[in-house]
Number of protein chains: 2
Amino acid sequence: MDNTLVSDQSTEQRILEAARRVFVVKGFAGARMQEIADAAGINKALLHYYFRSKEKLFEQIFREAFGRLLPGLAEIFSRPLPFFRKIELFTETYISLVIEQPYLPVFVLSEMHRNPDDFFQKHIQPEMLASIRQIGRQFAEAAQEGLIRPIDPRQLMLNIMSLCVFPFVGRPMLQRMMQVNDTEYQQLMEARRQSVSAFIIQAIQP
Amino acid sequence: MDNTLVSDQSTEQRILEAARRVFVVKGFAGARMQEIADAAGINKALLHYYFRSKEKLFEQIFREAFGRLLPGLAEIFSRPLPFFRKIELFTETYISLVIEQPYLPVFVLSEMHRNPDDFFQKHIQPEMLASIRQIGRQFAEAAQEGLIRPIDPRQLMLNIMSLCVFPFVGRPMLQRMMQVNDTEYQQLMEARRQSVSAFIIQAIQP
DNA sequence: TTTGTATTTAACCAAATGGTTAAACTATAT
DNA sequence: ATATAGTTTAACCATTTGGTTAAATACAAA
């Protein structure tokens with residue numbers, strides 16, 4: 001009565017993985033249900049048997065992807081740590097996260113780009129915004145206390161996000177522009193874990 | 001016999017503008033010829049009368065967009081200027097460029113993401129790569145001469161690119177996360193022209 | 001007026017695509 | 001052995017979409 005556990009999980013996972021790959025590369029509009037089915041090693045009928053529609057499948061994948069992206073990061077800035085240590089921890093954690101799941105930022109960003117408000121209303125909880133504002137306040141305080149060189153906290157936030165995220169979002173372009181192969185680029189991303197926080201701290205320390 | 005000049009130009013331009021808007025938001029796959037025709041205030045028949053196919057139309061727009069993005073920037077680094085001044089000039093020029101044409105990076109990046117190699121082979125001339133390598137060498141030299149703090153030149157290049165480009169690519173997400181309205185965000189981008197170069201120089205000066 | 005280009009209208013086509021359905025087969029649990 | 005869930009096959013449908021075509025119209029130049 002319950003072979004569903006093993007079989008369901010493995011097939012469902014195969015589908016989800018396949019869908020993720022296809023959606024990430026082709027986008028929602030460019031993705032084909034047939035291609036997803038092929039990539040999962042099943043057929044279209046079974047695909048719709050598990051996930052009723054393309055939208056449903058996409059939503060599920062998107063929710064998973066996005067859920068993994070933010071929680072835990074905002075939390076870092078609420079810990080009782082020295083300011084610079086927080087920045088170190090944040091960038092290192094973020095970059096590590098994205099190294100393991102490099103598809104996340106592109107996916108979220110491009111979907112966000114298609115219909116921003118719809119997306120935002122659906123997936124962003126007010127708590128997230130609250131913790132982001134809280135981080136902004138910490139930046140402002142640090143500047144006022146002279147702990148860091150005076151800088152618009154929003155610019156600082158943009159800078160940190162940019163340095164962490166963009167090398168992953170722009171990888172296809174950057175990698176070819178800089179003419180490095182896959183393993184070299186991966187090594188660069190590894191090195192960024194240290195490099196970025198050092199760069200930021202150097203830039204803002206008085 | 002030649003009313004083509006006035007009429008062609010204005011209609012063709014209307015089409016190109018409309019297509020740009022649609023392609024940028026929806027991507028190639030998501031864009032609909034009908035929607036482009038509507039946005040241009042004409043009908044599908046006329047659309048195909050001017051540009052034979054969707055691919056042709058897309059290619060033309062893409063070529064235009066991409067052509068505006070790089071030339072002139074690499075050139076800055078070949079001028080006989082102090083190193084820090086080059087960085088200032090580069091970031092300011094780049095950010096100014098993208099403020100005027102904010103759709104460019106998203107467009108290029110997302111298309112690049114769809115089929116990187118095809119894209120690259122088509123639109124990147126070897127001269128571009130040469131001048132990029134040349135910039136990399138300048139970074140390396142500056143580090144060796146002790147002009148700047150020791151840093152992997154590729155990381156520095158990634159950092160500069162990230163700081164300049166990402167706030168535009170990720171705008172829909174960043175703007176909502178930071179809860180700033182359109183005019184405020186534009187002001188932030190204006191301010192970045194100064195802010196970013198200062199940030200970078202502060203980070204790398206010994 | 002004639003001629004040729006720009007433009008519209010409207011119908012049409014073929015292919016792709018998301019989605020459905022029914023029947024059959026497999027394997028497993030009870 | 002029987003029921004049940006997973007899976008395949010294969011046909012099918014409605015809609016969308018890129019693209020075409022032919023006829024009519026507007027319009028400016030010659």
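Every chain is numbered from 1, with letters handed out A, B, ... down the list of sequences. What you are looking at is a predicted structure, and each value in this text was computed from that prediction instead of being measured.
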| field | Check: Q155(B)/N159(B) side-chain N/O donor and acceptor closer than 3.5 Å | value | no
| Which whole-number value in Å describes the distance from H48(A) NE2 to dA14(D) P? | 17 Å
| said: Tell me the interatomic distance from L46(B), atom CG, to dA24(D), atom P, rounded to whole angstroms. | reply: 19 Å
| query | Rounded to the Å, how far apart are F51(A) CZ and dG18(C) P? | reply | 16 Å
| query | Quick one: L47(B) CG to dT21(D) C1', roughly how many Å, whole number? | reply | 16 Å
| said: Contact list please: residues 17-44 of chain B against DNA chain D, heavy atoms, distance less than 4.0 Å, in numerical order. | reply: A31(B), R32(B), M33(B), K44(B)
| query | So which nucleotide from dG18(D), dG19(C), dT8(C) ends up closest to the side chain of S53(A)? | reply | dG19(C)
| message | Is a donor from one side chain sitting under 3.5 angstrom from an acceptor on the other, for D38(A) and Q34(A)? | response | yes
| message | Using OP1 and OP2 only, check whether a side-chain N or O of T11(B) sits under 4.0 Å from dA6(C). | response | no
| query | Quick one: L57(A) CG to dT17(C) P, roughly how many Å, whole number? | reply | 16 Å
| field | Atom-pair distance (OH on Y50(B); C1' on dA6(C)), nearest Å | value | 6 Å
| task | Would you please indicate if the ring centroids of F58(A) and F107(A) are separated by under 6.0 Å? | result | yes
| request: Report yes if some heavy atom in the side chain of Q60(A) is under 4.5 Å from a heavy atom in the side chain of E12(A); otherwise report no. | output: yes
| said: If you compare every side-chain N and O of Y49(B) against the phosphate oxygens of dT7(C) (OP1, OP2), does one of them come in below 4.0 Å? | reply: no
| field | Full working for side-chain contact (heavy atoms from CB on, under 4.5 Å) between L104(A) and F168(A) | value | CA-CA 9 Å; L104(A) 282 185; F168(A) 297 91; over 6 Å; no
| remark: Rounded to whole Å, CD of E55(B) lies from P of dG18(D) at a distance of 10 Å
| Shortest side-chain distance from A45(B), nucleotide among dA5(D), dG19(C), dA10(C) | dA10(C)
| query | Side chains of Q138(A) and Q134(A): do they bring a donor and an acceptor to under 3.5 Å? | reply | yes
| query | For E35(B), which of K44(B), R21(B), K26(B) qualifies under salt bridge (Lys or Arg N to Asp or Glu O under 4.0 Å)? | reply | K26(B)
